[in-house]
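Whatever order the structure lists ligands and atoms in, that order sets their numbers, starting from 1. Atoms considered below: every heavy atom in the structure, side chains included; atoms not considered: hydrogens, waters and symmetry mates. Just so you know, these numbers come straight off a predicted model, no measurement behind them.
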Amino acid sequence: MKIVKTLGQFIIEKQADFPYAKGELSRLLRDIGIAAKIVNREVNKAGLADILGEAGTTNIQGEGQKKLDVYANEQFISALKHGGECCIVASEENDEYIPIESDVSIDAKYIVAMDPLDGSSNIDVNVAVGTIFSIYRRKSTNGKATIDDVLQNGNEQVAAGYVIYGSSTMLVYTTGKGVNGFTLDPSIGEFCLSHPDMKIPKDGTIYSINEGYYSHFPDGVKKYIKYCQVEDKKTNRPYTSRYIGSMVADIHRNLIKGGIFIYPVTAGAANGKLRLVYECNPMAFIIEQAGGLASNGYQRILELDVKELHQRSAIFIGSENMVKKAEEMMACFSPQVTKKSYEGVVELQ
Ligand SMILES: O=P(O)(O)OC[C@H]1O[C@](O)(COP(=O)(O)O)[C@@H](O)[C@@H]1O
Ligand SMILES: [Mg+2]
Ligand SMILES: [Mg+2]
């Protein structure tokens with residue numbers, strides 16, 4: 001009989017890895033697991049639950065919020081508020097950070113930054129979506145935690161993870177000691193260890209980028225796409241193009257099969273689209289812990305200076321040798337040149 005290990009059991013077991021641990025991070029991960037189950041319940045029956053479609057509100061990014069964006073945001077904030085281990089939540093769906101002030105969280109020392117629902121454009125069409133979370137320990141020691149406790153660089157993360165609501169629902173996370181994946185068994189309502197010690201292959205044959213924006217990409221990215229499409233059996237090219245349009249799902253696939261996901265700067269988005277604090281940093285921490293790489297084409301994502309809560313960044317993430325190859329192409333065109341090339345490109349157009 002196959003012994004299942006639940007997320008809760010695994011977290012407690014792994015607590016031993018941290019001699020000074022008092023269980024706070026374990027309880028925080030538990031709270032995130034609870035909220036993920038509640039969101040999963042709604043995602044699974046979205047068509048029946050009047051949770052599809054627009055919420056009629058807009059977030060600070062100027063994006064129309066989906067009902068499920070708002071619902072997921074509320075569920076995670078509520079679970080973190082009642083869990084008592086979180087002193088600040090920073091969310092894609094909230095302009096400002098949210099101080100958690102409740103009787104149970106007086107000594108709380110963890111910051112949670114999150115993308116409550118990733119892949120919003122796929123909600124209404126029953127394609128995999130996700131949740132992304134990043135956890136920091138507060139830096140300030142007395143008084144209330146502040147924005148400075150939120151704006152820490154990615155290499156200060158103590159844990160990061162994502163939930164993917166796909167054909168099955170999985171929670172994948174790291175605390176800096178490898179990456180483990182858990183699949184939700186609806187019959188017992190538990191996340192069970194299904195993917196221990198996940199490792200991304202050093203090489204892959206999948207490239208994932210929205211080629212619809214090709215004409216607005218930097219020359220280095222165009223060059224890399226051409227490289228992926230060249231016929232060369234020795235290097236397993238041409239690669240396969242796969243793009244789901246949910247960052248969590250595209251990166252999860254590549255984590256298992258090998259591959260690269262790229263969301264570069266474009267002519268219309270000089271800093272890229274994806275957000276550094278609650279999308280790029282947590283995914284970079286996970287992929288690096290699985291043996292892959294993550295950069296903005298030039299610099300390691302986890303070393304980028306975090307200055308603003310909703311700051312954006314380009315991202316090249318995935319199998320080590322594929323990211324290195326893409327960076328090689330980008331290096332041919334330094335950022336300055338890239339800017340110039342846009343102008344050049346647009347004019348040409
Ligand atoms: O439609 P585009 O421009 O390719 O963007 C898709 C990207 O935008 C996102 O949907 C942005 O995330 P949110 O849905 O959380 O806003 C990513 O999941 C995805 O990788
Ligand atoms: Mg997102
Ligand atoms: Mg989102």
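Using modelled atom types, one finds no donor on one side chain facing an acceptor on the other under 3.5 Å when comparing Glu63 with Ser120. Under the 3.5 Å distance criterion, with hydrogens and angles disregarded, a donor-acceptor pair is assigned to the side chains of Asn73 and Ser91. Using modelled atom types and a 3.5 Å distance limit, the side chains of Tyr165 and Thr131 yield a donor-acceptor pair. No side-chain N or O of Gln65 forms a donor-acceptor pair with one of Asn59 less than 3.5 Å apart. Between the side chains of Ser313 and Asn296, no donor N or O sits under 3.5 Å from an acceptor N or O.
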Report all N/O contacts between ligand 1 and the protein shorter than 3.5 Å as a table of atom names and distances to 0.1 Å; if there are none, say 'none'.
{"unit_1": "ligand 1", "atom_1": "3 (O)", "unit_2": "Tyr213", "atom_2": "OH", "d": "2.8"}
{"unit_1": "ligand 1", "atom_1": "3 (O)", "unit_2": "Tyr263", "atom_2": "OH", "d": "2.6"}
{"unit_1": "ligand 1", "atom_1": "4 (O)", "unit_2": "Asn210", "atom_2": "ND2", "d": "2.8"}
{"unit_1": "ligand 1", "atom_1": "4 (O)", "unit_2": "Tyr243", "atom_2": "OH", "d": "2.6"}
{"unit_1": "ligand 1", "atom_1": "5 (O)", "unit_2": "Lys273", "atom_2": "NZ", "d": "2.9"}
{"unit_1": "ligand 1", "atom_1": "8 (O)", "unit_2": "Lys273", "atom_2": "NZ", "d": "3.0"}
{"unit_1": "ligand 1", "atom_1": "12 (O)", "unit_2": "Asp118", "atom_2": "OD1", "d": "3.1"}
{"unit_1": "ligand 1", "atom_1": "12 (O)", "unit_2": "Arg275", "atom_2": "NH2", "d": "3.4"}
{"unit_1": "ligand 1", "atom_1": "12 (O)", "unit_2": "Glu279", "atom_2": "OE2", "d": "3.0"}
{"unit_1": "ligand 1", "atom_1": "14 (O)", "unit_2": "Gly119", "atom_2": "N", "d": "2.9"}
{"unit_1": "ligand 1", "atom_1": "14 (O)", "unit_2": "Ser120", "atom_2": "N", "d": "2.8"}
{"unit_1": "ligand 1", "atom_1": "14 (O)", "unit_2": "Ser120", "atom_2": "OG", "d": "3.1"}
{"unit_1": "ligand 1", "atom_1": "15 (O)", "unit_2": "Glu92", "atom_2": "OE1", "d": "3.1"}
{"unit_1": "ligand 1", "atom_1": "15 (O)", "unit_2": "Asp115", "atom_2": "OD1", "d": "3.2"}
{"unit_1": "ligand 1", "atom_1": "15 (O)", "unit_2": "Asp115", "atom_2": "OD2", "d": "2.9"}
{"unit_1": "ligand 1", "atom_1": "15 (O)", "unit_2": "Leu117", "atom_2": "O", "d": "3.2"}
{"unit_1": "ligand 1", "atom_1": "15 (O)", "unit_2": "Asp118", "atom_2": "OD1", "d": "3.4"}
{"unit_1": "ligand 1", "atom_1": "16 (O)", "unit_2": "Glu92", "atom_2": "OE2", "d": "2.9"}
{"unit_1": "ligand 1", "atom_1": "16 (O)", "unit_2": "Arg275", "atom_2": "NH2", "d": "3.0"}
{"unit_1": "ligand 1", "atom_1": "18 (O)", "unit_2": "Asp118", "atom_2": "OD1", "d": "2.7"}
{"unit_1": "ligand 1", "atom_1": "18 (O)", "unit_2": "Asp118", "atom_2": "OD2", "d": "3.2"}
{"unit_1": "ligand 1", "atom_1": "18 (O)", "unit_2": "Gly119", "atom_2": "N", "d": "3.4"}
{"unit_1": "ligand 1", "atom_1": "18 (O)", "unit_2": "Met247", "atom_2": "N", "d": "2.8"}
{"unit_1": "ligand 1", "atom_1": "20 (O)", "unit_2": "Met247", "atom_2": "N", "d": "3.2"}

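Inside a sphere of radius 2.8 Å centred on the Mg ion (ligand 2), the protein N/O/S atoms present are Asp115 OD2, Asp118 OD1, Glu279 OE2.
Partners of Phe10 according to the ring-ring contact (aromatic ring centres under 6.0 Å, His included) rule, which considers only residues two or more places apart in sequence or in another chain, are Phe182.
Note on Lys66 versus Glu54: salt bridge recorded, some NZ/NE/NH1/NH2 to OD/OE distance being below 4.0 Å.
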Would you tabulate the side-chain donor-acceptor contacts of residues 202-212 under 3.5 Å, counting partners in other chains and residues two or more places apart, or write 'none'?
{"unit_1": "Lys202", "atom_1": "NZ", "unit_2": "Glu320", "atom_2": "OE1", "d": "2.8"}
{"unit_1": "Asp203", "atom_1": "OD2", "unit_2": "Asn321", "atom_2": "ND2", "d": "2.8"}
{"unit_1": "Tyr207", "atom_1": "OH", "unit_2": "Glu211", "atom_2": "OE2", "d": "3.0"}
{"unit_1": "Tyr207", "atom_1": "OH", "unit_2": "Gln229", "atom_2": "NE2", "d": "3.0"}
{"unit_1": "Ser208", "atom_1": "OG", "unit_2": "Arg242", "atom_2": "O", "d": "2.7"}
{"unit_1": "Ser208", "atom_1": "OG", "unit_2": "Asp250", "atom_2": "OD1", "d": "3.3"}
{"unit_1": "Ser208", "atom_1": "OG", "unit_2": "Arg253", "atom_2": "NH2", "d": "3.3"}
{"unit_1": "Asn210", "atom_1": "OD1", "unit_2": "Gly212", "atom_2": "N", "d": "3.0"}
{"unit_1": "Glu211", "atom_1": "OE1", "unit_2": "Gln229", "atom_2": "NE2", "d": "3.2"}
{"unit_1": "Glu211", "atom_1": "OE2", "unit_2": "Ser241", "atom_2": "OG", "d": "3.3"}

List the steps, then state whether salt bridge (charged side-chain N to carboxylate O under 4.0 Å, His left out) holds for Arg138 with Glu24. CA-CA 13 Å; Arg138 64 176 288 182; Glu24 291 117 333; over 6 Å; no
